[in-house]
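Down below is the structure, laid out as structure tokens.
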Amino acid sequence: MAIVLGTPEIDGLGRAVDALREWQDDGAPFQLHPGDVGWFWRSGGEATAAAVRTWSRDGRILAVGLLDGPGLLRLTIAPDARRDEELARRLADDVTEPDRGVLSEGRASVDAPTGALVQDLLSGNGWNTDEPWTPLRRDLSERVPDPGVRIEVARPEQAHVYAAVHRAAFDGSPFTEDRWHAMAAGLPFADARCLVAYDDEGDAVAAVTVWSAGPGRPGLLEPLGVHRAHRGRGHGRAISLAAAGALRELGASTALVCTPSSNTGAVATYESAGFRKSPEVRDWCRNA
């Protein structure tokens with residue numbers, strides 16, 4: 001059977017999210033997670049569906065991609081298909097040729113799992129590796145230490161608080177209360193929690209969203225940020241611990257996060273919260 005490239009409708013996103021959940025495993029390389037789709041859902045269901053690509057054979061989804069911003073495809077592949085030659089060649093062709101409807105002309109990047117055959121094909125087809133990222137993992141088999149600050153789960157009535165902290169943590173972020181509600185309406189949010197940390201004066205100082213892929217599977221931190229006016233006071237470590245604790249309550253086996261290797265402060269913060277570095281990963285980049 002031929003491999004079929006598709007863009008799902010909103011009511012078809014569930015199959016792609018379910019496939020991503022099924023593929024999460026502690027032994028797998030860092031990869032696209034249901035939480036990445038969940039975080040993208042802040043732009044609404046229609047925009048999320050338009051950003052997702054699936055590759056299927058005989059009705060079974062073999063690969064899922066998320067166009068996560070201009071020119072970036074976050075791609076992952078079913079564990080038993082990562083060395084499938086037919087699939088790898090189709091993926092490489094689809095991301096390279098603009099008329100395939102995946103990536104447009106000009107500079108573009110592809111994030112694919114380490115060890116997947118498609119990486120070998122991209123390396124011989126005009127693509128080069130980009131800047132390194134550092135994945136980090138925290139084992140959740142044992143109780144996570146108390147973060148030492150007040151942590152609240154942000155529910156709909158606290159959406160404005162979460163949104164304000166997020167904007168204060170990420171320069172230029174357009175995140176709003178309305179976007180929080182759009183994200184919360186998405187399918188992956190059923191397995192998610194938004195947390196806000198407060199200091200001794202009662203100010204909201206940090207925020208994170210955690211995404212479970214189901215009991216016994218790795219969970220994701222995406223995004224995590226500390227208010228720019230409250231940095232350097234240990235709030236990053238505290239909210240990281242709170243995130244890990246929330247994922248453990250949701251049944252996750254490990255907590256995952258990935259940050260640019262150049263952001264040494266963020267790497268150190270996660271390590272202080274018990275996260276351990278995994279080997280660096282790199283996107284594949286095509287210059288304009």
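In this text the structure is predicted, and so the values were computed from the model without any measurement.
- Remark: Leu66 CG to Asp36 CG distance equals 7.0 Å, nearest 0.5 Å.
- Within 6.0 Å of CD in Glu280 there are more than 12 heavy atoms belonging to other residues, nucleotides or ligands.
- Residue pairs meeting the ring pair (Phe, Tyr, Trp, His ring centres under 6.0 Å) criterion with at least one partner in residues 15-38, sequence neighbours excluded, do not occur; the list is empty.
- In this structure, Leu73 belongs to a hydrophobic cluster whose other members, linked by side-chain heavy atoms under 4.5 Å apart, are Ile3, Leu5, Trp55, Leu62, Leu67, Leu75, Ile77, Leu87, Leu91, Val95, Val102, Leu103, Val110, Val118, Leu122, Trp127, Trp284.
- Atoms CZ and CZ, on Arg90 and Arg100 in that order, are 5.5 Å from each other to the nearest 0.5 Å.
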Under 3.5 Å, which donor-acceptor pairs do the side chains of residues 145-155 form with other protein atoms, sequence neighbours left out?
from: Asp146; atom 1: OD1; to: Gly148; atom 2: N; distance (Å): 2.7
from: Arg150; atom 1: NH1; to: Glu152; atom 2: OE2; distance (Å): 2.4

Apply the test salt bridge (charged side-chain N to carboxylate O under 4.0 Å, His left out) to residues Arg21 and Asp191: give CA-CA distance (whole Å), side-chain angles for both, the deciding distance (0.1 Å), then the verdict.
-> CA-CA 11 Å; Arg21 286 195 183 103; Asp191 299 316; 3.1 Å; yes

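- The side-chain hydrogen bond (donor to acceptor under 3.5 Å, both in side chains) search around Asp80 returns Arg60, not counting sequence neighbours.
- When the options Val267, Thr264, Leu221 are evaluated for a side chain to side chain contact (heavy atoms under 4.5 Å, CB included) with Thr259, the one that passes is Val267.
- Listed for the Ser56 side chain is no donor-acceptor partner under 3.5 Å among the backbone atoms of Gly59.
- Put simply, NE2 on His166 and OG on Ser173 are 3.5 Å apart, with the number rounded to the nearest 0.5 Å.
- Scanning for side-chain hydrogen bond (donor to acceptor under 3.5 Å, both in side chains) contacts around Arg57 gives Asp84, Glu86, with sequence neighbours left out.
- Taking a 6.0 Å sphere around CZ of Arg83, one finds it holds more than 12 heavy atoms contributed by other residues, nucleotides or ligands.
- Distance CG/Asp25 to OG1/Thr254: 9.0 Å, rounded to 0.5 Å.
- A side-chain hydrogen bond (donor to acceptor under 3.5 Å, both in side chains) check over residues 195-220, counting only residues at least two apart or in different chains, returns the pairs Tyr162-Thr209.
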